[in-house]
Amino acid sequence: MTASSAEQLRKEGNELFKCGDYEGALTAYTQALSLGATPQDQAILHRNRAACHLKLEDYSKAEAEASKAIEKDGGDVKALYRRSQALEKLGRLDQAVLDLKRCVSLEPKNKVFQESLRNIGGQIQEKVRYMSSTDAKVEQMFQILLDPKEKGTEKKQKASQNLVVLAREDAGAEKIFRSNGVQLLQRLLDTEETDLMLAALRTLVGICSEHQSRTVATLSVLGTRRVVSILGVENQAVSLAACHLLQVMFDALKEGVKKGFRGKEGAIIVDPARELKVLINSLLELLTEVGVSGQGRDNALTLLIKMVPRKSPKDPNNSLTLWVIDQGLKKILEVGGSLQDAAGELTVTANSRMSASILLSKLFDDLKCDAERENFHRLCENYIRSWFEGHGLAGKLRAIQTVSCLLQGPCDAGNRALELSGVMESVIALCASEQEEEQLVAVEALIHAAGKAKRASFITANGVSLLKDLYKGSERDSIRIRALVGLCKLGSAGGTDFSMKQFAEGSTLKLAKQCRKWLCNDQIDAGTRRWAVEGLAYLTFDADVKEEFVEDEAALKALFQLSRSEERSVLFAVGSALVNCTNSYDYEEPDPKMVELAKYAKQHVPEQHPKDKPSFVRARVKKLLAAGVVSAMTCMVKTESPVLTNSCRELLSRVFLALVEEVEDRGTVVAQGGGKALLPLALEGTDVGQTKAAQALAKLTITSNPEMTFPGERIYEVVRPLVSLLHLSCSGLQNFEALMALTNLAGISERLRQKILKEKAVPMIEGYMFEEHEMIRRAATECMCNLAMSKEVQDLFEAQGNDRLKLLVLYSGEDDELLRRAAAGGLAMLTSMRPALCSRIPQVTTHWLEILQALLLSPNQELQHRGTVVVLNMMQSSKEIASTLMESEVLEILSVLAKGEESPVTRAAAACLEKAVEYRLIQPNQDGE
């Protein structure tokens, strides 16, 4: 019984494999193995699993499965060949050739084995030639670079460029590594010459990229501390290059070897967890080291943001986050609490506190339980209390600055810190200080504290008069502008609810006008002007403010210029203001019955501003496009800074979706680089942000030429975001637009169709062919029609035991003309490419003849043409089917069609009749017709 079940599962797996369902086949073979098959059957099942893994491009598993089959049966030629294919893909050509030689010895006349052996032999010879030719080149390049006589020469510059290019290829990187390259690169780093240091760092990136053992060896030679210390140099380009190298090293340690060329892999005993902790600990120590540049500190924070928190909450292991909190939380808080350009403080930039806030926020969000969060709160509170008590005024300022940092990041921790004894009172008291530095710290803390509704209500009652006094009475613009932002926050507490006005009529417009005035004043430094954008981000909840803002061309221009400046912390505020102006936040129209019920119960009912109606929003979008909003947002997306958080990405995605809502605006968005900017937004960020960006991509793909919108390789990157819109969690509109966009892509090239198949879109598209909504059903059918040009999809239709063909035949007889056109087009293509399907059409439904006749009699010429092509394909496939067709009314219809004006329909109809004459089913009349 068990053997029978195993055999049945194996056959089922074979059928699934033929249909292209490789994962389903893999599952069937695995189940068969678990039923205790004989050793010979086990060998067959393992080699079949190897074939599945090859198709799924998981070559390591394919090699392992084929090896298991060979262990069971050393003469299994199929398993040997599959292992050679896997080894070739993994780059282990020397091992692959041994398996192929064994295959040829077992089956000397097999041409496939002979051809594969010739190909792989050529690859090995090419690799040997390349390696031998690079030996002398590597040695020569290092001689030039380390020769003091060549300083500053063009020869030296060319040698450094060549070394970097060589290291980008894995074989070249391995050659440099084996030629004592790391020690020689260390000498280049020790020269402290900018050009040589950059060349050395970029070459090390190639050596370490996706190669764990080379990374460990490099860290062993250079020293982790030495590599991390390069981050802290004053030269910004060198610091960034070191940041990139450390990111590559971290990825290599975390993921292990991905590339096939093994080199010295396995020669070093690797403990990734230990190496990772050493690397991260060095970064934490760098944060508080004296003499480290502000840029270096920012780069260290950026690396920690990327390295430490889990990539997905599905990963249960957050031990690295817990370790960093225990070892380095105080160091991160020290950076967050440091004042810029203050004597005796750590050197920081305008972006350092924001970067620290983002890191703290990510660490806090990565905690899994209340006990872990409570420990985080305790460490923060102890640190703040240690500075607040016993260190005088300087300690209080640092404590308040640290609270501001927490309020911008994990605000729960910030709110708890504000409640510590004396903190809020000190903030209020320092707002009245005569020292500008003290006032700035206090006012900023007050503003951040007003960000939450709970805290805002307290400040509305106690701090509004203080902020008004500071705004009106202070002689310093830096203080006035911050006080203004505090008032803006409080004034916008009602959000988009028109009925909840915090201030008197016209007050928000006055505040906004002053914000725009400061924003346009380029005499004020960027750090201070950022606060004007913060104010507008809150005030633009008011539709009157939005209308005035988009009319002010100078303010828009200043906003976009500021978004491109070094002041990266402005990005979120810019994104928020644009979301408000385009109304791209989530808004649901309230149910009228619920509104009436709420009024009856005397409950508050949110009201929409009259100027937030669609016509006003469309006008604002046009003005933003004319002002160059797409170019500014494209620059924002390119920002390599932790300030471009997932939340910030989501804001930009929302705005892009609003900008492409109208068909006539899409050309402008594409022309200014919007298509290129949307791709990274659709692949990284919050789930909502990725979905919004993917929908914007779909809209662009539907109405414009995809090859122009996404030139080169970029067009293939569009497929994955579009397929993500097919998931059931997405709305019907998103499903429909994704299907339409995929239809366009599937009609361009076979490579794009293969990409769609690889993303496993076909089962989802098939599912939507059964959708009740006629537009979604039609779009899915059109998409399947274009995909049917691929062999794999044709195999699915030809496989036994499915109703795919039946569905197309039935849809060809539906009332919806567009659905009929799509289904008939698919039938015409499939019957042309796979004649075997023609004989199955009469079997799928008894109404097949009626459906074909209806197509031939359609007043729509396109439907007529598709119908005649299907009939012609069926007649060419079999005399028996042709006889059935000629015995029906089809003969009379074709005779009439053949006499019409010259067209594709008449030509196809005439070809049908000629075939019938050839079969001697009919005879031409005396006129030869």
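Taking 4.5 Å as the limit, some side-chain heavy atom of Leu406 sits within range of a side-chain heavy atom of Ile384. Using a 4.5 Å cut-off on side-chain heavy atoms (C-beta onward), Arg516 and Glu548 make contact. At least one side-chain heavy atom of Leu363 sits less than 4.5 Å from a side-chain heavy atom of Val308. Here the side chains of Leu678 and Leu700 are in contact, with some heavy-atom distance below 4.5 Å. Proximity of Arg202 to Leu198: side-chain heavy atoms (C-beta onward) are separated by under 4.5 Å at one or more points. Between Leu624 and Leu578, some side-chain heavy-atom pair lies under the 4.5 Å cut-off. When side chains are defined from C-beta on, Lys611 does not count as touching Lys546, because their heavy atoms never get closer than 4.5 Å. Between Val570 and Arg529, the closest side-chain pair of non-hydrogen atoms is not below 4.5 Å.
Pairing each heavy atom of Val533 with each of Leu519, the nearest pair is CG2-CD1, 3.7 Å. Pairing each heavy atom of Asn580 with each of Ala537, the nearest pair is ND2-O, 2.9 Å. Taking all atoms of both residues into account, the shortest heavy-atom contact from Leu430 to Ala442 is CB-CB, 3.6 Å. Ala694 and Ala682 get closest at one heavy-atom pair: N-CB, 4.0 Å. The two atoms that bring Thr540 and Cys581 nearest to each other are CG2-SG, 4.2 Å, heavy atoms only. When all heavy atoms of Ile305 and Pro309 are compared, the pair lying nearest together is O-CD, 3.3 Å.
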*Show your reasoning for whether side-chain contact (heavy atoms from CB on, under 4.5 Å) applies to Arg654 and Val688.*
CA-CA 9 Å; Arg654 287 177 179 276; Val688 172; 3.6 Å; yes
*For side-chain contact (heavy atoms from CB on, under 4.5 Å), just list the numbers for Lys692 and Glu650, CA-CA rounded to whole Å, side-chain angles, deciding distance to a tenth of an Å, and then say yes or no.*
CA-CA 8 Å; Lys692 300 280 186 190; Glu650 182 184 319; 5.7 Å; no
*Can you check side-chain contact (heavy atoms from CB on, under 4.5 Å) on Phe656 and Val630, steps first, answer last?*
CA-CA 8 Å; Phe656 267 122; Val630 177; 4.2 Å; yes
*Does the pair Met307 and Leu279 meet the rule for a side-chain contact (heavy atoms from CB on, under 4.5 Å), with working shown?*
CA-CA 10 Å; Met307 290 179 181; Leu279 183 56; 4.2 Å; yes
*After noting the C-alpha distance and the side-chain angles of Glu444 and Arg482, does the key distance pass the salt bridge (charged side-chain N to carboxylate O under 4.0 Å, His left out) rule?*
CA-CA 7 Å; Glu444 285 186 22; Arg482 284 163 173 79; 2.8 Å; yes
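Distance alone, capped at 3.5 Å, is enough to place a donor-acceptor pair between the Ser239 side chain and the Leu231 backbone. Counting only distance, with no hydrogens or angles, the side chain of Arg297 and the backbone of Leu287 share a donor-acceptor pair below 3.5 Å. With hydrogens and angles disregarded, a donor-acceptor distance shorter than 3.5 Å links the side chain of His391 to the backbone of Ser386. Ser361 contributes no side-chain N or O that, together with a main-chain N or O of Ser357, makes up a donor-acceptor pair within less than 3.5 Å. Glu381 places no side-chain N or O within donor-acceptor distance of the main-chain N or O of Ala417, the cut-off being under 3.5 Å.
One side chain, Ser352 or Thr349, offers a donor N or O that lies under 3.5 Å from an acceptor on the other. If you check the side chains of Arg480 and Gln514, you find no donor sitting under 3.5 Å from an acceptor. Inspection of the Thr645 and Ser647 side chains reveals no N or O donor paired with an N or O acceptor under 3.5 Å. Under the 3.5 Å distance criterion, with hydrogens and angles disregarded, a donor-acceptor pair is assigned to the side chains of Thr528 and Asp525. Between the side chains of Asn415 and Glu419, no donor-acceptor pair of N or O atoms lies under 3.5 Å. Glu234 and Ser293 are not linked by any side-chain donor-acceptor pair at a separation below 3.5 angstrom, with hydrogens and angles left out of the test.
A 6.0 Å sphere centred on CG of Asp365 holds more than 12 heavy atoms belonging to other residues, nucleotides or ligands. Heavy-atom neighbours of Lys623 NZ from other residues, nucleotides or ligands within 6.0 Å: above the threshold of 12. In the displayed structure, Glu553 atom CD is contacted under 6.0 Å by at most 12 heavy atoms of other residues, nucleotides or ligands.
Figure legend: cation-pi geometry between Lys330 and Tyr383 absent, as NZ or CZ is not positioned both under 6.0 Å from the six-membered ring centre and within 45° of its axis.
Interatomic distance, CG of Leu304 versus NZ of Lys331, reported as 11.5 Å (0.5 Å rounding). To the nearest 0.5 Å, atom CD of residue Glu334 and atom CG of residue Leu329 are 11.5 Å apart. Interatomic distance, CG of Leu697 versus CG of Leu683, reported as 8.5 Å (0.5 Å rounding). The line from CG of Leu681 to OG1 of Thr691 is 12.5 Å long, rounded to the nearest 0.5 Å.
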Under 3.5 Å, which donor-acceptor pairs do the side chains of residues 556-564 form with other protein atoms, sequence neighbours left out?
unit_1	atom_1	unit_2	atom_2	d
Ser563	OG	Phe560	O	2.6

